[in-house]
Amino acid sequence: MVFSLLSALSGLIWIVAGPPRFAGAGRERAREAALRGAQWLQGRLLQAREEGRNFRFRVSLADRLPYLEIRWEDTGLWERYDSGENAWFRGEGPARWAFYSTKWHTLSPGMVLHVFSDRESSPAAVAFIVISPACRVSVIREGP
């Protein structure tokens, strides 16, 4: 009886606390999703330049969203990179929209996206996607 009770309690503690070796798994999945998201955005920038198309890049400044999206100006169609809830993105800065111009090959304004491993509870970003006005997209682990 005592052994059963101890087993149940240790199992409950394991379920609540989780095994320590998996603590960083969510952060690594978020960083990998951030890299894929940055590659997706870089691909859209190259596509826009090659095809001579403008687009708007929309980000959330308040909520964390599991996707990045653009809206092509010529067709009005949306394209989305979905992280599958492996990463949650939130923009930093005064603008919710950045505009890509084929004439100047610029994205204005440049911005920083904070990447989180979950929707609400993680207090600090695990990575940052830095997008320069010159259309350079990079992922860093430390805040810019």
Side-chain angles (χ1 to χ4, degrees), residues 5-144:
L5 185 59
L6 289 175
S7 295
L9 285 174
S10 66
L12 181 62
I13 290 170
W14 187 84
I15 289 171
V16 172
R21 67 176 182 245
F22 296 127
R27 290 189 298 270
E28 280 308 309
R29 279 195 307 274
R31 287 183 184 123
E32 290 169 10
L35 285 170
R36 287 189 300 276
Q39 291 169 344
W40 174 84
L41 181 58
Q42 189 71 62
R44 299 297 75 73
L45 289 163
L46 292 172
Q47 177 186 354
R49 184 176 189 183
E50 289 174 8
E51 296 175 3
R53 300 172 70 194
N54 296 325
F55 68 79
R56 295 179 188 206
F57 176 54
R58 180 170 70 174
V59 298
S60 171
L61 299 177
D63 298 324
R64 297 176 186 182
L65 300 176
Y67 56 83
L68 303 172
E69 59 187 1
I70 66 166
R71 181 179 179 269
W72 293 102
E73 291 291 310
D74 56 349
T75 63
L77 296 177
W78 290 89
E79 264 189 63
R80 177 181 283 190
Y81 164 73
D82 190 336
S83 75
E85 297 191 3
N86 287 315
W88 298 83
F89 306 97
R90 188 187 76 218
E92 173 186 296
R96 289 189 54 205
W97 293 93
F99 299 93
Y100 173 75
S101 166
T102 57
K103 181 177 181 179
W104 304 105
H105 186 55
T106 57
L107 189 70
S108 180
M111 62 179 57
V112 175
L113 302 177
H114 296 238
V115 182
F116 299 90
S117 59
D118 60 52
R119 185 176 189 161
E120 296 174 359
S121 66
S122 59
V126 298
F128 301 86
I129 300 175
V130 180
I131 309 159
S132 78
C135 298
R136 290 191 179 91
V137 182
S138 57
V139 178
I140 59 175
R141 287 185 178 220
E142 302 288 322

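Everything quoted here is computed from the prediction, not taken from an experiment.
Side-chain contact between D74 and N54 is absent, with no heavy-atom pair separated by less than 4.5 Å. Between V112 and I131 the shortest side-chain heavy-atom distance does not fall below 4.5 Å. A 4.5 Å side-chain heavy-atom check between L45 and W40 finds every atom pair outside the cut-off. Using a 4.5 Å heavy-atom threshold, the side chains of F99 and S108 count as separate. Within the 4.5 Å cutoff, side-chain heavy atoms of T106 are placed close to those of S101. Taking the side chain as every heavy atom from C-beta outward, I129 and V137 approach each other to under 4.5 Å.
Residues Y81 and A33 come closest through the heavy atom pair OH-O, 2.9 Å. The two atoms that bring P123 and R64 nearest to each other are O-NH2, 4.4 Å, heavy atoms only. Shortest non-hydrogen contact noted between A30 and S117 is CB-CA, 3.8 Å. Taking every heavy atom of both residues into account, A98 and M111 meet most closely at CB-CE, 3.6 Å. The shortest non-hydrogen separation linking W72 to A48 is CZ3-CB, 3.8 Å.
Partners of R80 by side chain to side chain donor-acceptor pair (under 3.5 Å), not counting sequence neighbours, listed by chain and number: E69. Here L35 pairs with V139 under the side chain to side chain contact (heavy atoms under 4.5 Å, CB included) rule; sequence neighbours left out. For S121, the side chain to side chain donor-acceptor pair (under 3.5 Å) test picks out D118, with sequence neighbours left out. In terms of the salt bridge (charged side-chain N to carboxylate O under 4.0 Å, His left out) criterion, residue partners of E51 (sequence neighbours excluded) are, by chain and number, R53. Remark: E73 engages R56 in a side chain to side chain donor-acceptor pair (under 3.5 Å) (not counting sequence neighbours). Remark: Y100 engages F55, H105 in a ring-ring contact (aromatic ring centres under 6.0 Å, His included) (not counting sequence neighbours). Listed by chain and number, the residues in a side chain to side chain donor-acceptor pair (under 3.5 Å) with R44 are Q47, E79 (sequence neighbours excluded).
Rounded to the nearest 0.5 Å, atoms OG1 (T102) and CZ (R49) are 10.0 Å apart.
Counting heavy-atom neighbours within 6.0 Å of W78 CH2, excluding the residue itself, gives a total above 12.
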Taking only distance into account, with no hydrogens and no angle test, what donor-acceptor pairs under 3.5 Å do side-chain atoms of residues 85-97 form with protein atoms, sequence neighbours excluded?
{"residue": "N86", "atom": "ND2", "partner": "S83", "partner atom": "O", "Å": "3.2"}
{"residue": "E92", "atom": "OE1", "partner": "H114", "partner atom": "NE2", "Å": "2.6"}

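Under the side-chain contact (heavy atoms from CB on, under 4.5 Å) test applied with L113, the options V130, L68, L41 reduce to a single match, L68.
Listed by first and then second residue, the salt bridge (Lys or Arg N to Asp or Glu O under 4.0 Å) pairs that reach into residues 127-141 are E28-R141, sequence neighbours excluded.
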Open item on the list: Test side chain to side chain contact (heavy atoms under 4.5 Å, CB included) on V126 and F116; report intermediate values, then the result.
Closed with: CA-CA 6 Å; V126 298; F116 299 90; 5.9 Å; no
